[in-house]
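Within every chain, numbering begins at 1; the chains are lettered A, B, ... in the order of the sequence lines, protein sequences first and strands thereafter.
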Protein chains: 2
Amino acid sequence: MADIDSGSAQAAPRKRADALRNQQRLLDAAAAAFVAAGVDAPVRDIAARAGVGVGTIYRHFPTRADLIVAVYRHQVEACAAAGPALLATSGTPHAALAGWIGLFVDFLVTKHGLAEALQSDAAAFETLHAYFLDRLVPVCAQLLDAAATAGEIRSDIDAYALLRGIGNLCVGAGNDPRYDARRMVGLLVAGLRLDHD
Amino acid sequence: MADIDSGSAQAAPRKRADALRNQQRLLDAAAAAFVAAGVDAPVRDIAARAGVGVGTIYRHFPTRADLIVAVYRHQVEACAAAGPALLATSGTPHAALAGWIGLFVDFLVTKHGLAEALQSDAAAFETLHAYFLDRLVPVCAQLLDAAATAGEIRSDIDAYALLRGIGNLCVGAGNDPRYDARRMVGLLVAGLRLDHD
DNA sequence: TGAGCAAGCGGAACCGCGTTCCGTTAACCA
DNA sequence: TGGTTAACGGAACGCGGTTCCGCTTGCTCA
C-alpha cells in the first residue's frame, strides 16, 4: 500500500535519482512561487527558483495544471476526507455542509489565482478541473444528499454547479478589502435552505 | 443637450473627420469581435476588422477597458435606468430587485469574457471596473434599501459586494452546460431574504 | 485654390511569456 | 570502467500587447 516505486510498478523501470530530486525541487519552488506570485507565476521564475531549466518543468509537469495539482494534492485530499468526518461529528447535516464549504472556501481564497484557474476554460487547465471535480463533487454530493434527506435544504441542488458557484464567488477574493467571499458564500448557502423556520 | 462637439466643448478644437470615422469603425469592429471571440479578442483582429492599424486603436482607446466601456455603454446605461423603473412598476421592492438582477445577469452572461474582465485586477481594467461600479452600485443600493425598508431582505447587504458576487457567479457561464449562472444567482438572492415565510 | 501644418495613421519593432526542440551531460548498469 | 540513454538546460520560436516614428492627409488661411 505504501511503496509505489519499488514494489508494484515494475513497468516503470525506476526513475533516476537526479530526476526525483529535481521533481521535488520543482514542487518546493512552485509552492513558493505560488505563494509569492499566485498560481500563474511565470514558468521561468519557477525554474529559476528550483535551479533547473524550463525544459525540466515541462518534462515533469507537461501542463501548468499538472504542477498545480501536484502542489495542492495533499490539501485537496484533506478537504475531501473532511467531508465524511464532518458529517459524522456535526450536529446536523446542514452544519456539516456549512463547515465543509467553509474549509473549501478557506483553501481557495488563500491560494492566489487558484479560483480563477479553476474556472478557466483553457485546455491547459482541463486536468486541474477534472481533478478537483473527481475528488470534491462526490463529497459535496454526499453532504447535500444528507442535508436534503434531513429536510434542511432543497433537494434540487446539483453538487457540481454548487461547487462551481462557490469557486466563482472566491475569484478575486483577497485583492479587494470591500469584497468578502466568505460572506457571499454564506448567503449562497443560506439560499439553499428550505423556507420554514 | 444633444450636440456635444459643436456647442459646449470649445476647448477641444473639433476632431478630424477621418478620426471620427475610424472611431466609429473601431466601435463596430470591436462589437463584432467581442461577439465572435469574447472581450479579449486580439487587438490585431479588431484592427483588421476595422481596416485600421493597431496604433489607431491605442490612440482612440488607450486601454482595452476604454474600448469595452465604449462598446457597452448604451447597455449599461439602460441597465442603470431600469432600476428606478422597475421599482416604480413592480409589485414589491424585492420583485424589482430580483428583476433588475436578472437584467444584469442576462447582460453579463451574453458577453463572453466580460464577467472575467470585470473581476480582473489587472491595471488595464481599472477603468472598466470603475465605470460599472459608478453606474450600477448606486442603483443596486437603492433597490436593496427599498427592499430592506420593506422588511423583505436583510439590511446588512453591501451593494458593491453583492454586485461583485453576482458578477463572479457569471464567470464562465455559457461555456459549461452543467453550470447555470442564473440559477446560482437565484440562490444567492434567496439567501438575502429574511427567514420568515 | 493651393500651400503649410499638425492631427492622425499604419505597421514595424520590441517585450514578456508559454512552449518546443535538440545538442550536451551524467546517472546507471553490466 | 565504458556504453547507453534518461534527463537536462536553455536557445529559439510563436503569439499577443504595447510603443514609436516616419508618412499621409484633412483642415485652415491667405
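Each side chain to side chain donor-acceptor pair (under 3.5 Å) pair with one or both residues in residues 39-60 of chain B, not counting sequence neighbours, appears once here: B/Gln23-B/His60.
Of the residues in residues 55-71 of chain A, those with a non-hydrogen atom less than 4.0 angstrom from any atom of DNA chain D are A/Gly55, A/Thr56, A/Arg59, A/His60.
Between B/Val43 and B/Ile57, the shortest heavy-atom distance links the atoms O-CD1, 3.6 Å. The two residues B/Met184 and A/Leu188 come nearest to each other via the heavy atoms O-CD1, 3.5 Å. The nearest pair of heavy atoms linking B/Leu136 to B/Trp100 is O-CH2, 3.9 Å. The heavy-atom pair separating A/Ala70 from A/Leu27 by the smallest distance is CB-CD2, 3.5 Å. Minimum heavy-atom separation, B/Ala146 to B/Leu87: CB-CD1, 3.9 Å.
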List the atom pairs, donor and acceptor, that lie under 3.5 Å between side-chain atoms in residues 153-162 of chain B and the rest of the protein, sequence neighbours left out.
unit_1	atom_1	unit_2	atom_2	d
B/Arg154	NE	B/Asp156	OD1	3.2
B/Arg154	NH2	B/Asp156	OD2	3.1
B/Asp156	OD1	A/Arg183	NH2	3.4
B/Asp156	OD2	A/Arg183	NH2	3.1
B/Asp158	OD2	B/Ala161	N	3.2
B/Tyr160	OH	A/Asp176	OD2	2.1

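Heavy-atom nearest nucleotides on DNA chain D were determined for B/Asp18 and for B/Val54, and the one closer to the 5' end corresponds to B/Val54. Comparing A/Val43 and A/Arg21 against DNA chain C, the residue whose closest nucleotide sits nearer the 5' end is A/Val43.
Contact check for A/Lys15 versus A/Arg21: no side-chain heavy atoms found under the 4.5 Å cut-off. When side chains are defined from C-beta on, B/Phe132 does not count as touching B/Leu163, because their heavy atoms never get closer than 4.5 Å.
You can see that DNA chain C meets the heavy atoms of chain B within a 4.0 Å-exclusive cut from C/dA7 to C/dA13, reading 5' to 3'. Chain B approaches DNA chain D within less than 4.0 angstrom (heavy atoms of the protein), and the contacting nucleotides run 5' to 3' from D/dG16 to D/dT28.
Legend: residues meeting side-chain contact (heavy atoms from CB on, under 4.5 Å) with B/Arg182, ordered by chain and number and at least two apart, are B/Val105, B/Asp106, B/Val109, B/Asp180.
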